**Student:** 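Before I ask anything, here is the structure I am working with.
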Amino acid sequence: MVIRGKQPSCSELFLLCLFLGLLLEAWAGKIQYMVPEETDKAFFVGNIAKDLGLQPQELTEHRVRIISRGRTQLFALNHRSGSLVTAGRIDREELCAQSVRCLVSFNILVEDKMKLYPVEVEIIDINDNTPQFQLEEVEFKMNEITTPGTRIPLPFGQDLDVGMNSLQNYQLSSNPHFSLDVQQGSDGSRYPEMVLQSPLDREEEAVHHLVLTASDGGNPVRSGTLRIHVQVVDANDNPPAFTQTQYHMSVPENVPLGTRLLTVKATDPDEGANGEVTYSFHNIDQKIAQIFQLDSDTGEISNKESLDFEEYKIYPMEIQAQDGAGLMARAKVLVKVLDINDNAPEVTMTSVTTAVPENFPPGTIIALISVHDQDSGDNGDTTCSIPENLPFKLEKLDDNYYHLVTERTLDRELTSRYNITVTATDKGIPTLSTETHISLKVTDINDNPPCFPQDSYSIFIPENNPRGASIFSLTAQDADTNENALVTYSLAEDTIQGAPLSSYISINSDTGILYALRSFDYEQFRDLHLRVMAYDNGDPRLSSNVSLSLFVLDQNDNTPEILYPALPTDGSTGVELAPRSAEPGYLVTKVVAVDRDSGQNAWLSYRLLKASEPGLFTVGLHTGEVRTARALLDRDALKQSLVVAVQDHGQPPLSATVTLTVAVADNIPDVLADLGSLKPSADPDSSGLTLYLVVAVAAVSCIFLAFVIVLLGLRLRRWHSSRLLQATGVGLAGVPASHFVGVDGVGAFLQTYSQEVSLRADARESHVIFPQPNYADTLLSQESCGKSEPLLITQDLLEGKKEAFSQEMYHR
């Protein structure tokens, strides 16, 4: 028998494909693993390298790491095997409490790509918790008139495991009066209730002892027990009754400790002890029991610890009211916690770059930032910002992640370091914010060439400079740093008068100081132009250049050169001719001279240094023209000798001399005949000059001896008073008193006096040098200085006076 199934319709197939597509898309969006709880450290979870499409060794190369928010790191990466392993023991109950599925979510960051991969690991429960009751034993009071079928709610057990490992069933020890009925709530929870099966008789049995056992469905099975004591009391026919079956209360999470939050009220119409109601918590979570306090007499509920909206949004409680006879009633209390803005946003730098080159393009990722606020609603809604005056911007990603990227190209020379303040702000009242700082260093690249302060330089250097002297210093600045700013200098290749520039000038490559390698001569060249190159040490090397003009300043280092009259080369004597009939001002000849220097150093002046006949000729100061100063006389010698000096105006001045021979005759034959008859010994001018020199030397010697005698007399008078006066009178008896003037008034005398005489009578030349005497007062001998006739001083006379002066000094 063949049973034909119903063929699916097109719409059903479409819905099935859509459902499968959604499942595949959801599965492809996340990497999912499962791992049992309570495993050892480094327990294998999954091959994360394979799921990321990477080889195990590439995990380190791509700087793959785990990013989790606000909790202890539960998992780790094994970079050698490429697997995801546990970082330690995982307790599912601590992480997820009673949740059906325990999912741990985190992100895998591939840092070099700034890419996030979400990962979800499900923690599988194992049967590691035993069902437990909050109390080890419980006591109930029941009236003996309690009707059968009465239900007594029992404390339920708690098993932190889930699924089959959680609490599955209850068992009550055998008792003829009581049975167990387990109720199941809408959320799947099991609530045990003890049901009275038969009437109680206090006189028969006043107390009943039972044991409630709670078991889970694990393998092996774990169980916990609760001892129950039922005390039978006399009849109490009215149980307590709450005014409300459920109480609701909303309080802010920052409510002060000890604040009365709510008061529950139950009444009992019975009298006496049967009407006295006491309150207690029933079936309350241990953590909640530690936070709230219930007054057993008044029913006031207050908080003894701070409330936290982020931990519990609603605190559920069950309050039990019991009268003195043991009748009970229960009511639920729900305390809703209102969120306040008490948590500032949390900013986490998931990945950050601390240094970036200045040539990185706009859009370069600097940091991956995560922002989270534990508050809810507007209090947990955050925005992230940075100052507007920075070349950066924030790009928002999913799940409150941000990229900090460059908005434009950075320039280290403008700003070498940025302190970026990232501010996360929520929208609560009052607004809370958190600031975090990123210090970003902009590293240098070689994008600036060396720069000279000026486009060109001019140097002025005197000629004849010493070789190796420093003549100038250049400095180029580079806005870069470190090696990129290290500047070296060099000279551009060039030639000067056929020689390389490097033979004239060198430059220190480190300091930029220029040195002259030779002594410059203004007369050879007056200026030179060169180009200095400056290179940095970056990669690639950048350079700049500057032009340098060197001007050589003239020094007075050249003696005037006499062009005319030129010295004869054949040993003859050049003679200039002056007719005897020449009038005053007659141009005899002209001295022509040049100076290779320039400017003031080349300005020449002419003067007559010596003439055999003084006053006969004159020389033009600026022209060098030799002219007659008067008419020639018959007594004027035929041969006139003139010495003309040519001097420049430099500092110090330099000069040259030339000797001119002027023949006084009307024609050349007369000159030749007269010159042949001239003899050196018959020159009356030379003998006359010698006589003048002898007279001058005699006069100076006379004055010198007079000063010495007066000096000795005054010194003897000062030292020996009256005895010296008598000695002076005897020594000077032969000299009339009128021959001396002002002897008593002399306070200081001759200090230094020297003379030098050189006489050469045979050569017709004599020289007398008269240095200036240094003295304070001068004693003049009227007798010696009053003579007007010329004195002829011979060599014997000079020697005699020197001997007399020596004897006088010896007696002293």
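It should be emphasised that the depicted structure is a prediction, and the values quoted were computed from it without experimental measurement. Computed from heavy atoms alone, side chains included, the values below leave out hydrogens, waters and symmetry copies.
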**Student:** Which value, rounded to the nearest 0.5 Å, describes the distance between D161 atom CG and D128 atom CG?
**Tutor:**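 One finds 5.0 Å between CG of D161 and CG of D128.
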**Student:** Return the minimal non-hydrogen interatomic distance between V422 and M349, and the atom names on each side.
**Tutor:**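 That would be CG2-CE, 4.2 Å.
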**Student:** Can you see whether Q158 engages Q286 through a side-chain donor-acceptor pair at a distance of less than 3.5 angstrom?
**Tutor:** no
**Student:** What pair of heavy atoms forms the shortest contact from P450 to A476, and how long is it?
**Tutor:**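 Shortest heavy-atom contact: CB-CB, 4.1 Å.
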**Student:** How long is the straight-line distance from OG of S544 back to CD of Q477, given to the nearest 0.5 Å?
**Tutor:**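 Here the interatomic distance stands at 11.0 Å.
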**Student:** For M34, I'd like to know if atom CE has over 12 heavy atoms of other residues, nucleotides or ligands within 6.0 Å.
**Tutor:**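 No, the 6.0 Å shell around CE holds no more than 12 heavy atoms from other groups.
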**Student:** Are L54 and I48 close enough that some pair of their side-chain heavy atoms sits under 4.5 Å apart?
**Tutor:**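 Sidechains of I48 and L54: no contact.
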**Student:** Any luck finding a side-chain donor-acceptor pair between T348 and E346 under 3.5 Å?
**Tutor:**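 Result is no, nothing qualifies.
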**Student:** Checking side-chain hydrogen bond (donor to acceptor under 3.5 Å, both in side chains) between D536 and each of T488, N446, N448, N484, which is the one that passes?
**Tutor:** N446
**Student:** Parallel under 30°, tilted from 30 to 60°, perpendicular over 60°: which one fits the rings of Y191 and F156?
**Tutor:**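 Y191 and F156: perpendicular rings.
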**Student:** Could you state the interatomic distance from CG (L261) to OG (S250), rounded to the nearest 0.5 Å?
**Tutor:** 11.0 Å
**Student:** For residues 81-116, which residue pairs qualify under disulfide (SG to SG under 2.5 Å), counting only residues two or more places apart or in two chains?
**Tutor:** C96-C102
**Student:** As a quick check of understanding, evaluate side-chain contact (heavy atoms from CB on, under 4.5 Å) for D480 and E413, giving each step before the final call.
**Tutor:** CA-CA 7 Å; D480 295 321; E413 286 71 39; 2.8 Å; yes
**Student:** Any side-chain donor paired with an acceptor under 3.5 Å for E111 and S351?
**Tutor:** yes
**Student:** To the nearest 0.5 Å, how far apart are CD1 in I66 and CG in L74?
**Tutor:** 9.5 Å
**Student:** Classify the ring geometry of F292 against Y315: parallel below 30°, tilted from 30° to 60°, perpendicular beyond 60°.
**Tutor:** perpendicular
**Student:** May I have the step-by-step check of side chain to side chain donor-acceptor pair (under 3.5 Å) for S439 and R417, ending in yes or no?
**Tutor:** CA-CA 7 Å; S439 181; R417 182 177 292 275; 2.9 Å; yes
**Student:** Roughly how far, to the nearest 0.5 Å, is CD of E253 from CD of E311?
**Tutor:**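 Reported to 0.5 Å precision, the distance equals 11.0 Å.
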**Student:** Contact between H282 and M317 at the side-chain level, heavy atoms closer than 4.5 Å - yes or no?
**Tutor:** no
**Student:** Does a side-chain heavy-atom distance below 4.5 Å link E136 with L226?
**Tutor:**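 Heavy-atom side-chain distance check fails, nothing below 4.5 Å.
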**Student:** Could you give the side-chain donor-acceptor pairs of residues 384-395 under 3.5 Å, partners two or more places apart or in another chain?
**Tutor:**
none

**Student:** Run the salt bridge (charged side-chain N to carboxylate O under 4.0 Å, His left out) test against E122 and tell me which residues pass, sequence neighbours left out.
**Tutor:** R101
**Student:** Does R541, at its CZ atom, have more than 12 non-hydrogen atoms belonging to other residues, nucleotides or ligands within less than 6.0 Å?
**Tutor:** yes
**Student:** Any donor-acceptor pair under 3.5 Å linking the side-chain atoms of S215 with those of Q168?
**Tutor:** no
**Student:** Looking at side-chain heavy atoms only, is the closest gap between Y535 and L542 below 4.5 Å?
**Tutor:** no
**Student:** In chain order, what residues pass the salt bridge (charged side-chain N to carboxylate O under 4.0 Å, His left out) check against K427, with sequence neighbours excluded?
**Tutor:**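 For K427, the residues satisfying salt bridge (charged side-chain N to carboxylate O under 4.0 Å, His left out) (neighbours in sequence not counted) are D381.
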**Student:** Test I124 against V35 for side-chain contact (heavy atoms from CB on, under 4.5 Å), laying out the working first.
**Tutor:** CA-CA 6 Å; I124 305 301; V35 63; over 6 Å; no
**Student:** Can you confirm whether the side chains of N47 and S83 place a donor and an acceptor under 3.5 Å from each other?
**Tutor:** no
**Student:** Kindly state each residue pair satisfying ring pair (Phe, Tyr, Trp, His ring centres under 6.0 Å) with at least one member in residues 31-56, sequence neighbours excluded.
**Tutor:** none
**Student:** Just grab all the ring pair (Phe, Tyr, Trp, His ring centres under 6.0 Å) pairs involving residues 72-95, residues at least two apart or on different chains.
**Tutor:**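 Those involving residues 72-95 are F75-F106.
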**Student:** What are the two closest non-hydrogen atoms of D373 and D375, and how far apart are they?
**Tutor:**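 Heavy atoms only, the tightest pair is OD1-N, 2.9 Å.
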**Student:** Under the side chain to side chain donor-acceptor pair (under 3.5 Å) criterion, do N482 and D444 qualify, and how do the steps go?
**Tutor:** CA-CA 9 Å; N482 297 331; D444 184 48; over 6 Å; no
**Student:** Ignoring hydrogens and angles, state whether a donor on the side chain of N165 or D125 is under 3.5 Å from an acceptor on the partner side chain.
**Tutor:** yes
**Student:** Could you tell me if the side chain of N169 sits less than 4.5 Å from the side chain of V182, heavy atoms only?
**Tutor:**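 V182 does not reach N169 side chain to side chain.
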**Student:** Using side-chain heavy atoms (C-beta onward) and a distance below 4.5 Å, is T511 in contact with T475?
**Tutor:** no
**Student:** Run the side chain to side chain donor-acceptor pair (under 3.5 Å) check on D426 and N379 step by step: do they pass?
**Tutor:** CA-CA 6 Å; D426 60 24; N379 296 333; over 6 Å; no
**Student:** Could you please spell out the steps behind the side-chain contact (heavy atoms from CB on, under 4.5 Å) verdict for R190 and Y170?
**Tutor:** CA-CA 9 Å; R190 302 172 186 269; Y170 293 94; 4.0 Å; yes
**Student:** Shortest non-hydrogen contact from D159 to P131?
**Tutor:** OD2-CG, 3.3 Å
**Student:** Show, in sequence, the C-alpha distance, side-chain angles and deciding distance for V333 and L262, and conclude whether the side-chain contact (heavy atoms from CB on, under 4.5 Å) test is met.
**Tutor:** CA-CA 9 Å; V333 175; L262 180 66; 3.4 Å; yes
**Student:** Identify the heavy atoms of N219 and N127 that sit nearest to each other, and give their distance.
**Tutor:**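 Where N219 meets N127 most closely, the heavy atoms are N-ND2, 3.9 Å.
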**Student:** Are E120 and K30 within salt-bridge range, i.e. N to O under 4.0 Å?
**Tutor:**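 Yes, charged N to carboxylate O under 4.0 Å.
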**Student:** Of the non-hydrogen atoms in L77 and V64, which two are nearest, and what is the gap between them?
**Tutor:**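 For L77 versus V64, the nearest heavy atoms are CD1-O, 3.6 Å.
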**Student:** If you measure from CD on E358 to CG on D411, what distance do you get to the nearest 0.5 Å?
**Tutor:**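 Answer for the CD-CG pair, E358 versus D411, is 5.5 Å.
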